[in-house]
Amino acid sequence: MANLSLRGVEKFFTNFKAVQDLNLDVEDGEFFALLGPSGCGKTTTMRMIAGLQLPSAGKIMINGRDVTDIEPARRNVAMVFQDYALYPHMTLTENVGYPLKVRGVGKAERDDRVRAIAKHLQLENFLDRRPGQLSGGQQQRAAVGRAVAYPADVFLFDEPLSNLDAQLRFEARAFLKRLQREIGMTIIYVTHDQVEAMAMADRMVVMNKGVAQQVGKPMDVYRRPANTFVARFIGSPPMNLLPATVTSLAGVPALDLGGGQVLDGSGIVGSDDVQAGQKLLLGVRPEHIEICDSPVTGKSLSGKLRLVEVLGAETLVSVEIEGTLIIVRLNSDEPGHLSDVVHVRPKADRCLLYGADGNVVSGS
């Protein structure tokens with residue numbers, strides 16, 4: 001396997017900047033996700049790594065070798081497409097063995113390799129079937145099998161689970177992660193599904209409008225989003241963001257959320273960059289808010305109950321505070337009876353503050 005580096009990679013289409021100044025390092029044997037909404041540049045990035053598109057600027061290196069201008073066949077990368085791209089007239093054996101055939105591997109050796117892969121993928125009983133005779137999950141595994149048939153340095157996955165139903169996606173995530181660990185593959189995985197990225201990736205980059213917003217381990221990105229885009233994109237429900245103004249309460253920093261509601265900011269406002277009178281956004285995850293029986297001066301906020309959603313093991317409570325709707329996540333045995341006015345208490349050590357530019361300025 002191999003490591004991968006992108007240095008100042010950009011891609012322009014006439015006046016449209018699809019990818020801008022992208023710098024990434026993917027380690028040998030790492031599962032790395034490119035995550036973001038449609039049109040963010042993640043698939044364009046993957047296609048440049050594969051050599052299917054040439055960058056407008058920058059360098060792409062695999063194991064220290066500059067492959068920026070090298071044709072796809074000489075990059076030693078394998079790709080699994082969103083629609084799997086299996087040949088409909090070929091059996092599973094022929095599909096999986098095709099990369100070996102075009103490289104001149106003999107039939108006996110090719111068939112042995114295909115059988116070993118099929119057993120690993122639990123497809124050994126379907127080797128004579130064509131793609132139309134396989135289920136969606138089996139087609140997905142067949143596409144992976146074809147990709148790993150010939151050892152590649154880097155494996156590229158372009159939203160390979162998007163065509164599967166919820167149960168199959170759950171099973172496929174576990175299968176892909178297990179396979180990656182067993183083989184030690186270096187994987188670049190493109191997805192718009194944050195659950196997939198959080199569940200499978202060792203590290204990920206969150207992209208928006210062609211720009212890398214944050215790179216890191218999934219839980220690090222979840223716990224401390226670098227800006228409000230990441231805060232809103234990562235998490236379901238996303239992070240709550242409430243407008244606040246920096247002030248003071250009994251001589252300590254505080255956050256004025258309007259309507260006479262002021263939070264003690266001593267455990268939140270900790271940066272020299274935060275000044276009195278500054279307008280910020282207070283960020284807190286739904287699970288880091290408690291519901292109080294009664295208001296607590298400087299510690300809680302009061303709002304109007306708007307919606308209660310019971311979702312099995314958890315309950316989501318929507319509360320409107322000074323014109324901003326926030327969501328509180330509770331265990332389903334917690335809520336009990338909720339009145340029209342709800343008192344909520346954000347956990348100070350889990351709160352973040354975002355500045356006017358959208359970037360995080362303070363907090364845990």
Side-chain angles (χ1 to χ4, degrees), residues 1-13 17-36 40-82 84-85 96 98-105 113 117 143-160 176-177 179-191 196-197 200-207 210-212 214-218:
M1 303 307 156
N3 54 50
L4 170 73
S5 293
L6 277 66
R7 289 289 176 268
V9 170
E10 300 189 327
K11 183 62 179 178
F12 304 152
F13 297 98
K17 296 181 178 181
V19 178
Q20 304 179 51
D21 193 24
L22 184 60
N23 296 280
L24 295 175
D25 289 297
V26 180
E27 299 300 323
D28 184 12
E30 187 173 33
F31 196 124
F32 193 93
L34 305 179
L35 174 65
C40 72
K42 56 187 186 295
T43 296
T44 299
T45 298
M46 189 190 65
R47 291 177 64 84
M48 287 190 288
I49 295 170
L52 301 177
Q53 291 178 337
L54 294 178
S56 304
K59 289 186 177 181
I60 299 171
M61 290 170 283
I62 298 176
N63 261 351
R65 181 172 70 112
D66 189 344
V67 299
T68 309
D69 299 316
I70 292 178
E71 60 268 27
R74 293 180 55 215
R75 296 192 183 201
N76 199 28
V77 300
M79 190 166 178
V80 178
F81 296 91
Q82 181 175 349
Y84 310 142
V96 174
Y98 189 74
L100 300 172
K101 182 178 180 180
V102 297
R103 287 172 170 85
V105 177
R113 177 68 174 159
I117 292 172
V144 172
R146 184 180 58 187
V148 303
Y150 189 86
D153 289 331
V154 178
F155 293 84
L156 307 173
F157 288 75
D158 185 12
E159 304 204 49
L176 279 178
K177 188 62 178 178
L179 182 68
Q180 186 259 343
R181 285 284 182 255
E182 291 174 354
I183 299 179
M185 296 187 293
T186 302
I187 289 181
I188 309 298
Y189 189 96
V190 167
T191 182
E196 286 184 12
M200 294 192 291
D202 298 313
R203 288 191 305 132
M204 64 184 184
V205 57
V206 182
M207 299 181 68
V211 177
Q214 187 171 1
V215 180
K217 296 179 180 179

Tell me whether the NZ or CZ atom of R103 lies within the 45° cone about the ring axis of Y150 and under 6.0 Å from its centre.
yes
Can a salt bridge be assigned to the pair D69 and K59 using a cut-off of 4.0 Å between side-chain N and carboxylate O?
no
Beyond-backbone contact of L24 with L34, side-chain heavy atoms, under 4.5 angstrom:
yes
Check whether any side-chain heavy atom of L35 lies under 4.5 Å from a side-chain heavy atom of V205, and answer yes or no.
no
Reported CD1-to-CE distance for the pair I49 and M79, which is rounded to 0.5 angstrom:
9.5 Å
Examine distances only and state if a side-chain atom of R75 and a backbone atom of V67 form a donor-acceptor pair shorter than 3.5 Å.
yes
Passes salt bridge (Lys or Arg N to Asp or Glu O under 4.0 Å), K177 versus D202? Steps please.
CA-CA 10 Å; K177 188 62 178 178; D202 298 313; 3.1 Å; yes
Testing V154, N3, T186 one by one against N63 for a side chain to side chain contact (heavy atoms under 4.5 Å, CB included), which residue passes?
N3
So, applying salt bridge (charged side-chain N to carboxylate O under 4.0 Å, His left out) with R7, which one of D25, D21, D66 is it?
D25
D153 side-chain N/O to V77 backbone N/O, donor-acceptor pair under 3.5 Å
no
Output for pair (M48 CE, S56 OG), nearest 0.5 Å, gives 7.5 Å
CG on L4 to CD on E27, rounded to 0.5 Å:
10.0 Å
Side-chain (R181) to main-chain (L176) donor-acceptor, under 3.5 angstrom
no
Please check: side-chain N/O of K42 versus main-chain N/O of T191, any donor-acceptor pairing under 3.5 Å?
no
Between Y189 and F32 (judged by ring centroids, cut-off 6.0 Å), do the two rings come close enough to count as a pair?
no
So, do T45 and L22 sit near enough that their side-chain heavy atoms are less than 4.5 Å apart?
yes
When rounded to the nearest 0.5 Å, the distance separating CZ of F31 from CD of Q180 is 6.5 Å
How long is the gap from OG1 on T44 to CZ on F12, to the nearest 0.5 Å?
12.5 Å
To the nearest 0.5 Å, tell me how far L179 CG sits from M185 CE.
4.0 Å
Do K17 and E10 sit within salt-bridge range, that is, some charged N less than 4.0 Å from a carboxylate O?
no
